[in-house]
Amino acid sequence: MTQLTVKLGNHPLEPLSKEEILTAVRVLKEQKQLGDADRFVSVMLKEPKKEVVLGFDGAKPFEREAFIVILNGKDNATYEAVVSLSRMEVVSWKYVPGVQPMIMLDEQIECEAAVKASPDFLDALERLGIDSPELVMVDLWSAGNWGTEEDATVRLARPLCFLRSDEKDNGYARPAPIVPIVDLNKMEVLRVEEYEYSKIPMKEANYTPDRVGPLRGGIKPVEITRAGRPELYDQRP
């Protein structure tokens, strides 16, 4: 495998470059034989030891390492890896039990689609008198871990849902009293929690220029004056 050259002069704390990220991903995939079930949650610089940073002079080479978090969706397992970009090898691979990595952007997109396709969710909307599920905004949030068996064995999410009058409406003004519980690894709605409510807010709360009407005109000038006894400000020896 071709060695990645670390340019002298680059600071040890400089973030990974695009080339370094792609190299770290390739090395980890090949040496740990990762498959389609393994998702790269994050790839970032593993900060070197303090003495390396303090001794940096731009002339001596130093080792660059990438710290990578992997989620295996099939096994619901989280792994942490360290890849040496100087030696082009995996120097650490550790299973981290009982934790879930951060929610990924693609999970947000996939979760919203799964929620809107769920018959249970559509039934809950119908009971609320909502007949436009495509205008519902699904905001993905972590479910947390409350010590239950489900929390320990399933990658759960509790999306908050909001109603919009059109695709550009500010949905946060109109929260819906329903919360789908989603298995993010299977992208499956396990159940829908429905809460009591008195009335869904109907008033709009938009802030974009095309919604609020004419904007404010010219800004008034700022005048700074001194109050009190002016003679106290001008005392000179």
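Not measured: the values here are computed from a predicted model.
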Asker: Under 3.5 Å, which donor-acceptor pairs do the side chains of residues 167-178 form with other protein atoms, sequence neighbours left out?
Answerer:
from, atom 1, to, atom 2, distance (Å)
D169, OD1, N206, ND2, 3.0
D169, OD2, S165, N, 3.0
D169, OD2, S165, OG, 3.2
N170, OD1, Y172, N, 3.3
N170, ND2, A205, O, 2.7
Y172, OH, D139, OD2, 2.9
R174, NE, P201, O, 3.0

Asker: Output, in order, the C-alpha distance, side-chain angles, deciding distance and verdict of side chain to side chain contact (heavy atoms under 4.5 Å, CB included) for V90 and V27.
Answerer: CA-CA 7 Å; V90 179; V27 169; 4.2 Å; yes

Asker: In this structure, are over 12 heavy atoms from other groups packed under 6.0 Å from D36 atom CG?
Answerer: no

Asker: Working to the nearest 0.5 Å, report the span between CZ of F56 and CD of E14.
Answerer: 8.5 Å

Asker: Using every non-hydrogen atom in the two residues, find where K116 and E134 come nearest and quote the distance to one decimal.
Answerer: NZ-O, 3.3 Å

Asker: Does E107 use its side chain to pair, donor to acceptor, with the backbone of M187 at less than 3.5 Å?
Answerer: no

Asker: Just verifying a value: how many Å separate E223 CD and T225 OG1, rounded to the nearest 0.5 Å?
Answerer: 8.0 Å

Asker: For R191, check side chain to side chain donor-acceptor pair (under 3.5 Å) against everything at least two apart and list the hits.
Answerer: E150

Asker: Heavy-atom distance under 4.5 Å between the side chains of M88 and V83, does that happen here?
Answerer: no

Asker: With E204, which residues qualify under salt bridge (charged side-chain N to carboxylate O under 4.0 Å, His left out), at least two apart?
Answerer: none

Asker: Are V96 and L184 joined in one hydrophobic group, where the rule is that I, L, V, M, F, W and Y side chains link up if heavy atoms are under 4.5 Å apart?
Answerer: no

Asker: Can you check side chain to side chain contact (heavy atoms under 4.5 Å, CB included) on T23 and R26, steps first, answer last?
Answerer: CA-CA 5 Å; T23 299; R26 185 180 73 250; 3.9 Å; yes

Asker: If hydrophobic clusters are built by linking Ile, Leu, Val, Met, Phe, Trp and Tyr wherever their side-chain heavy atoms come under 4.5 Å apart, do V136 and I109 end up in the same one?
Answerer: no

Asker: Are M137 and V192 joined in one hydrophobic group, where the rule is that I, L, V, M, F, W and Y side chains link up if heavy atoms are under 4.5 Å apart?
Answerer: no

Asker: Quick one: pull up CD in E51 and CG in L54 and give me the separation to the nearest 0.5 Å.
Answerer: 8.0 Å

Asker: Could you tell me whether the side chain of F67 reaches within less than 4.5 Å of the side chain of L45, counting heavy atoms only?
Answerer: no

Asker: Classify the side-chain pair T208/D210 by whether it contains a donor and acceptor separated by less than 3.5 Å.
Answerer: yes

Asker: When you measure from the side chain of E65 to the backbone of S84, do you find a donor-acceptor pair of N or O atoms at a distance under 3.5 Å?
Answerer: no

Asker: Could you check whether any side-chain N or O of D151 sits under 3.5 Å from a backbone N or O of V154, counting only pairs where one atom can act as donor and the other as acceptor?
Answerer: no

Asker: Do the non-hydrogen side-chain atoms of D106 and E110 ever get within less than 4.5 Å of each other?
Answerer: yes

Asker: Between E194 and R127 (salt bridge meaning N to carboxylate O under 4.0 Å), is one present in this structure?
Answerer: yes

Asker: If you define the side chain from C-beta out and look only at heavy atoms, does anything of K29 sit under 4.5 Å from F40?
Answerer: yes

Asker: What I'd like to find out is whether the side chain of V43 reaches to under 4.5 Å of the side chain of L16, using heavy atoms alone.
Answerer: yes

Asker: Can you list everything that forms a salt bridge (charged side-chain N to carboxylate O under 4.0 Å, His left out) with E89? Sequence neighbours excluded, please.
Answerer: R87

Asker: Do the side chains of S118 and D123 get nearer than 4.5 Å, heavy atoms only?
Answerer: no

Asker: How many angstroms lie between atom CH2 of W146 and atom CG of L156, to the nearest 0.5 angstrom?
Answerer: 13.0 Å

Asker: Is there a path of hydrophobic side-chain contacts, each under 4.5 Å between heavy atoms, that joins V179 and L125?
Answerer: no

Asker: To check you understand the geometry: which heavy-atom pair defines the closest contact between V189 and P180, and what is its length?
Answerer: CG1-CB, 4.2 Å

Asker: With a 4.5 Å heavy-atom cut-off, do R158 and I181 have their side chains touching?
Answerer: yes

Asker: Donor-acceptor pairs under 3.5 Å, side chain of residues 68-80 to any protein atom, not counting sequence neighbours: which ones?
Answerer:
from, atom 1, to, atom 2, distance (Å)
N72, OD1, K74, N, 3.1
N72, OD1, D75, N, 2.7
N72, ND2, D38, OD1, 2.9
N76, OD1, Q100, NE2, 2.9
N76, OD1, N185, ND2, 3.0
N76, ND2, T153, O, 3.0
T78, OG1, V99, O, 3.2

Asker: R64 and E19: salt bridge (Lys or Arg N to Asp or Glu O under 4.0 Å), yes or no, with the steps?
Answerer: CA-CA 13 Å; R64 292 275 281 178; E19 180 186 16; over 6 Å; no

Asker: Report whether Y197 and F162 are members of the same hydrophobic cluster (ILVMFWY, side-chain heavy atoms less than 4.5 Å apart, transitive linking).
Answerer: no

Asker: Salt bridge check: are E188 and R155 linked by an N-O gap of less than 4.0 Å?
Answerer: no

Asker: For S142 and I103, work out which heavy atoms get closest and say how close.
Answerer: N-CD1, 3.6 Å

Asker: Sequence neighbours excluded, which residues qualify as side chain to side chain donor-acceptor pair (under 3.5 Å) partners of S92?
Answerer: none

Asker: Would you say Y207 has more than 12 foreign heavy atoms packed within less than 6.0 Å of its OH?
Answerer: no

Asker: Would Q108 and C111 satisfy side chain to side chain contact (heavy atoms under 4.5 Å, CB included), going step by step from the backbone distance to the final call?
Answerer: CA-CA 5 Å; Q108 164 66 54; C111 179; 5.9 Å; no

Asker: Take L28 and L34, measure what side chain to side chain contact (heavy atoms under 4.5 Å, CB included) needs, and give me the verdict at the end.
Answerer: CA-CA 8 Å; L28 188 59; L34 301 185; 3.9 Å; yes

Asker: Is it the case that the side chain of S132 and the backbone of L135 share a donor-acceptor pair, with hydrogens and angles ignored and the cut-off at 3.5 Å?
Answerer: no

